[in-house]
Amino acid sequence: MDDEVARRGALDEGFMVAVRGATAADAQAIGAVVDAAVRAGWTYLGELGEKPMFAPHDWDQLVADHAPPNVLLVATDQAGRVVGYAAAHPEDGEMFLLFVDPAVGGRGVGRTLLAAAHDALRAAGCPQAFLFTHEQNERALAVYASAGYRRDGLVRVSEFGGTTIKELRLVKEL
């Protein structure tokens with residue numbers, strides 16, 4: 001997906017967003033969205049979720065790593081501020097990341113990003129999408145279920161910052 005607006009829409013309560021391909025200039029805003037979302041929603045991580053998840057250069061690298069054929073989309077509000085992002089890997093159909101600023105949560109930004117990422121995966125020929133999400137991330141599990149994702153029984157266990165992370169794999173036919 002190029003820099004042109006991929007999708008525009010009026011969401012809940014007249015809130016407008018535009019979805020476009022991310023640029024290097026979006027890297028730090030993407031990091032700020034993740035940190036705000038983790039602080040607000042990932043209380044199950046305890047103290048680990050209270051500090052920035054990654055250093056500024058890590059966000060620069062995320063953008064660089066998601067150059068085409070990978071997909072990195074940002075949702076921007078009417079002022080052009082990044083309020084969410086999604087990353088997908090067409091090579092295997094993975095929905096890699098999806099985060100929304102909690103200040104605009106519940107207004108459809110995540111659903112809009114997810115739909116745009118699904119469109120990109122379909123355009124790349126992916127018949128199915130999959131993702132991993134923390135077993136205690138109830139909001140994400142609900143959003144993904146409403147989008148048609150189902151658990152397939154696979155569980156991924158990893159370690160991050162001294163904390164064991166258990167993630168469920170969810171799949172969706174595109």
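H118 and Y144 have their aromatic ring centers separated by at least 6.0 angstrom. Between F96 and Y85, the ring center distance fails the sub-6.0 Å criterion.
There is no path of hydrophobic side-chain contacts, each under 4.5 Å, that joins Y149 to V143. F54 and F132 sit in two unconnected hydrophobic clusters of ILVMFWY residues. Membership requires side-chain heavy atoms under 4.5 Å apart, directly or through other members. Placement of F130 and L114 in two distinct hydrophobic clusters is found when ILVMFWY residues are connected by side-chain heavy-atom separations under 4.5 Å, directly or transitively. Residues L97 and V171 are members of separate hydrophobic clusters, defined by side-chain heavy-atom contacts under 4.5 angstrom among Ile, Leu, Val, Met, Phe, Trp and Tyr. Under the 4.5 Å side-chain heavy-atom criterion for ILVMFWY residues, a single connected hydrophobic cluster contains both L174 and L131.
Among the candidates D65, N70, V71, the single residue satisfying the side-chain contact (heavy atoms from CB on, under 4.5 Å) test with H89 is N70. Tested against E135 for a side-chain contact (heavy atoms from CB on, under 4.5 Å), the candidates V157, L141, V155, L168 yield a single pass: L168.
Between T76 and V83, the closest side-chain pair of non-hydrogen atoms is not below 4.5 Å. Side-chain contact between V109 and R111 is absent, with no heavy-atom pair separated by less than 4.5 Å. Between V74 and R20, the closest side-chain pair of non-hydrogen atoms falls below 4.5 Å. Between I30 and L72 there is a side-chain heavy-atom pair separated by less than 4.5 Å. In this structure, V34 and W59 have side chains that are in contact, with non-hydrogen atoms separated by less than 4.5 Å.
One distance of note links OG of S158 with NZ of K166; it measures 12.0 Å at 0.5 Å rounding. Here CZ of R107 is found 10.0 Å from CG of D77. Values are rounded to the nearest 0.5 Å.
Remark: side-chain polar atoms of K172 are paired, donor with acceptor, to backbone N or O of A147 under 3.5 angstrom. Between the R169 side chain and the R156 main chain, no donor and acceptor come within less than 3.5 Å of each other. A donor-acceptor contact shorter than 3.5 Å is absent between the side chain of D35 and the backbone of A32. Under the 3.5 Å distance criterion, the side-chain polar atoms of N137 are left unmatched by any main-chain donor or acceptor of H134.
For A29 against V82, the heavy-atom pair with the smallest separation is CB-CB, 3.8 Å. Heavy atoms only, all atoms of each residue included: V19 and A116 are closest at CG1-CB, 3.9 Å. What you find for R150 and A145 is that their closest heavy atoms are NH1-O, 3.1 Å. When all heavy atoms of M95 and A86 are compared, the pair lying nearest together is CE-CB, 4.5 Å. In terms of heavy atoms, A36 sits closest to P102 at O-CG, 3.5 Å. In terms of heavy-atom proximity, V104 sits nearest to V100 at CG2-CG1, 3.8 Å.
The local environment of CZ in R139 is sparse, with at most 12 non-hydrogen atoms from other residues, nucleotides or ligands closer than 6.0 Å. The neighbour count for E91 CD, taken as heavy atoms of other residues, nucleotides or ligands under 6.0 Å away, does not exceed 12.
The closest side-chain donor-acceptor pair between D60 and Q28 falls under 3.5 angstrom.
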